[in-house]
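I have placed the structure first, in the form of structure tokens, so that the comments after it can refer back to it.
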Amino acid sequence: MTKHDQFRFYQLATILVAVYIGFIVLVNLVIAQQQDAMLKERGADYALIIKQPQFDRQKWLRQNGLQVLTPKSPNKTKLQKAVTDIVNRNHSAANFSTRQTVNKQPYLFYAHQADRPNFVLVVPQQQFWHTWPKIALSVTIVYLIGSWIFLYRFWRQRRHFFDHLKILVANIHHIRHEEVPEPIIFQKDASLYILAQEINKLNGDMRHMRQKIAMQQGSFDRLIDHLPVGVMVINENREVVLHNEAMDRLLETTIVTEKHPYIDDIKTYELTRMIEHTFRYRKSHHQEIQLIQNQERFVDANVVQLNTVKSKFQALVILYDLTDVRRVEQMQLDFVSNVSHELKTPVTAITGFAETLLAGAAEDPATQKQFLQIIYDESTRLTALIQDILALSHLDRKDQSQEQLVNVRELVQANLELMQQKAQQKQLHVSVDIPTDLAIRIQKMKFNQILKNLIANAITYNKQNGSLVIAVQLEKDQIVIRVVDTGLGIPSDLQERIFERFYRVDQARATHKSGTGLGLAIASEITASLEGQLTVESQLGVGSEFILKLPNA
């Protein structure tokens with residue numbers, strides 16, 4: 001029990017003792033009143049008896065437990081002195097009764113002074129325990145037993161109350177800490193029944209709320225994880241409390257879910273400076289930065305303050321990857337620069353030789369023919385360049401052409417016939433290994449453009465008296481086309497860039513002027529639009545093998 005319950009227990013015990021004492025005093029008072037009335041009756045009787053000399057007065061006094069004293073009796077005892085004092089104090093009263101303690105024994109006195117002779121009857125005052133000891137003992141035992149039962153029931157009830165209250169308090173603690181509360185059953189008339197019902201309702205409401213919060217948190221986590229931007233939340237202790245997978249990829253690290261300092265993950269000074277300034281000045285910051293890591297990466301960084309209260313201040317870090325955007329922008333700049341350069345070369349040649357002819361070179365037939373041939377070649381190259389640029393622009397448009405069944409061998413032969421003159425000029429040995437009945441369902445114009453650019457590239461950059469092999473085979477659910485040449489070859493560190501627009505290997509640029517630098521880029525982008533794959537395997541000085549894989553539904 002609590003100290004308050006112990007105090008109440010002792011208070012009740014004290015009250016029960018006081019009730020018992022009060023009961024005894026009340027019983028003694030009633031006995032005294034009855035004894036006083038009886039003494040008065042015996043006094044009247046003795047006044048009559050004393051006038052009859054033949055009556056045995058001593059026997060009567062013994063039977064009634066009385067003593068008789070007179071004021072003239074010698075004052076030998078304290079009782080006699082007490083009688084004398086009482087009579088002297090009340091000498092004017094006729095008959096009276098009084099109480100007085102003599103030798104620690106209470107006595108009742110009845111003084112008869114109305115007529116002669118005068119006398120005083122004395123009797124010890126009776127008490128409950130002296131008068132009825134057995135009854136008093138029985139009443140006391142019953143009262144003690146009843147009091148003990150009452151106090152025991154009170155102690156037990158308070159103990160049970162306190163035990164149940166502790167369980168209810170523990171259940172509230174369990175509810176606060178998301179634990180299962182201990183079941184407890186009360187009767188409807190129990191004092192804690194309403195409280196227990198409310199706690200059960202609270203448990204149900206909290207469980208429902210936690211489930212709702214868990215669902216919302218799950219949805220939020222899935223949303224955060226699927227965001228294309230990197231997200232990180234940092235608390236007032238500079239610890240990471242939330243992040244998504246995109247942030248892992250952008251920072252090129254594995255961010256643990258437990259709270260930890262953000263500097264364990266962020267190694268770029270500009271970004272850490274933005275975070276620190278946000279915490280220091282309580283304002284958001286925005287800046288485009290370059291992350292310092294293995295792969296060059298540009299990001300648009302936003303550090304946003306979430307709270308203004310210092311104890312609960314948090315910073316939200318949002319990183320938007322700009323690497324592809326900057327790469328595309330650079331490609332666009334390179335494209336414009338390359339287009340300008342590629343267009344300038346044939347235009348300058350045509351203009352220069354035309355001016356030379358106009359200046360008088362046309363009078364020499366041999367010079368005229370040479371210059372006109374150069375003007376023709378450059379204009380042809382300019383036309384091819386413009387056609388490739390137009391082809392690239394058409395790739396950005398959504399093609400609505402329908403797929404059709406195309407015979408692969410016939411389409412390859414048709415492109416070889418168109419480039420037969422170039423192949424003969426280099427005296428190339430051309431080999432075609434394609435089944436005659438092999439067909440693929442595809443958009444014919446796109447497929448033809450891919451084959452045309454691959455074959456043209458293999459002829460243009462092949463060596464004199466080299467070979468060109470075109471082989472096709474089926475592999476599971478795709479068709480694989482291999483175009484193998486014995487040309488210059490491509491260094492391994494440059495093989496990934498040959499599919500970029502206007503990119504040509506330096507050695508090829510120095511020795512071959514007929515290419516536009518767009519053929520492989522066009523072929524690669526068309527292949528990607530057809531959900532295919534175009535790769536290259538090359539060895540410098542030996543040759544190259546272009547592998548085209550297209551789905552064959």
Side-chain angles (χ1 to χ4, degrees), residues 384 388 391-392 395 406-420 422-423 426 428-435 438 440 442-464 466-476 478-509 511-512 514-552:
D388 285 346
L392 281 174
L395 291 177
V406 179
N407 187 287
V408 179
R409 184 181 181 88
E410 292 178 359
L411 196 59
V412 170
Q413 291 289 0
N415 282 283
L416 287 174
E417 291 176 1
L418 291 176
M419 303 177 196
Q420 183 177 4
K422 290 184 178 182
K426 288 195 172 184
L428 299 179
H429 177 266
V430 181
S431 174
V432 179
D433 183 13
I434 305 174
L438 179 60
I440 181 175
I442 199 172
Q443 297 179 23
K444 184 175 181 180
M445 292 184 61
K446 289 186 175 182
F447 186 40
N448 182 67
Q449 186 73 34
I450 297 173
L451 293 177
K452 175 183 175 182
N453 291 345
L454 291 178
I455 294 173
N457 182 79
I459 293 175
T460 300
Y461 297 103
N462 213 325
K463 63 183 180 181
Q464 197 72 24
S467 62
L468 171 60
V469 178
I470 304 174
V472 181
Q473 61 184 23
L474 290 174
E475 293 182 2
K476 296 183 179 179
Q478 63 181 1
I479 183 172
V480 181
I481 302 174
R482 303 178 186 272
V483 180
V484 184
D485 63 64
T486 57
L488 302 173
I490 306 169
S492 58
D493 57 335
L494 300 178
Q495 292 179 11
E496 294 183 358
R497 298 196 59 190
I498 63 172
F499 297 109
E500 297 179 7
R501 299 180 180 184
F502 290 110
Y503 184 83
R504 288 181 292 186
V505 182
D506 292 341
Q507 184 179 358
R509 182 183 292 274
T511 56
H512 296 275
S514 59
T516 64
L518 294 174
L520 292 179
I522 294 173
S524 177
E525 294 186 26
I526 294 177
T527 302
S529 68
L530 295 175
E531 299 180 357
Q533 183 182 11
L534 179 59
T535 58
V536 62
E537 296 178 1
S538 181
Q539 185 176 354
L540 190 62
V542 177
S544 304
E545 177 181 3
F546 288 86
I547 304 171
L548 174 65
K549 296 180 180 180
L550 295 171
N552 184 26

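Everything numeric in this text was worked out from a predicted model, so none of it was measured. Values below: all heavy atoms of this structure, side chains included; hydrogens, waters and symmetry mates excluded.
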Does the side chain of Val483 reach to within under 4.5 Å of the side chain of Leu468, using non-hydrogen atoms? yes
Calculate, to the nearest 0.5 Å, the distance between atoms CD1 and CZ belonging to Ile498 and Phe546 respectively. 4.0 Å
Could you grab the distance from atom CD1 of Ile522 to atom NZ of Lys446, nearest 0.5 Å is fine? 13.0 Å
What's the spacing between Ile526 CD1 and Gln449 CD if we round to 0.5 Å? 5.0 Å
Side-chain donor-acceptor distances from residues 469-476 under 3.5 Å, at least two apart:
{"unit_1": "Gln473", "atom_1": "NE2", "unit_2": "Glu475", "atom_2": "OE2", "d": "2.7"}

CE-NZ distance between Met445 and Lys452, expressed to the nearest 0.5 angstrom: 10.5 Å
Across all chains, not counting sequence neighbours, the side-chain hydrogen bond (donor to acceptor under 3.5 Å, both in side chains) partners of Gln464 are none
So, does Lys426 use its side chain to make a donor-acceptor pair with the main chain of Ile459 at under 3.5 Å? yes
Ser524 (side chain) donor-acceptor with Leu520 (main chain) under 3.5 angstrom: no
Distance-only donor-acceptor hits, side chain of residues 532-543, under 3.5 Å, sequence neighbours excluded:
{"unit_1": "Ser538", "atom_1": "OG", "unit_2": "Ile490", "atom_2": "N", "d": "2.7"}
{"unit_1": "Ser538", "atom_1": "OG", "unit_2": "Gly543", "atom_2": "O", "d": "3.1"}
{"unit_1": "Ser538", "atom_1": "OG", "unit_2": "Ser544", "atom_2": "OG", "d": "2.8"}

Listed by chain and number, what are the side-chain hydrogen bond (donor to acceptor under 3.5 Å, both in side chains) partners of Thr486, not counting sequence neighbours? Asn462
Of all the heavy-atom pairs spanning Leu411 and Asn415, show the shortest one and how long it is. O-ND2, 2.9 Å
CG of Leu530 to CD1 of Ile440, rounded to nearest 0.5 Å, is 8.5 Å
Heavy-atom distance under 4.5 Å between the side chains of Ile455 and Leu418, does that happen here? no
Mind checking side-chain hydrogen bond (donor to acceptor under 3.5 Å, both in side chains) for Asn457 and listing every partner two or more places apart, or none if nothing turns up? none
Partners of Arg409 by side-chain hydrogen bond (donor to acceptor under 3.5 Å, both in side chains), sequence neighbours excluded? none
Could you measure the distance from the CZ atom of Arg482 to the CG atom of Leu454? Nearest 0.5 Å is fine. 13.5 Å
Answer whether the closest heavy-atom distance between the side chains of Ile481 and Leu451 falls below 4.5 Å. yes
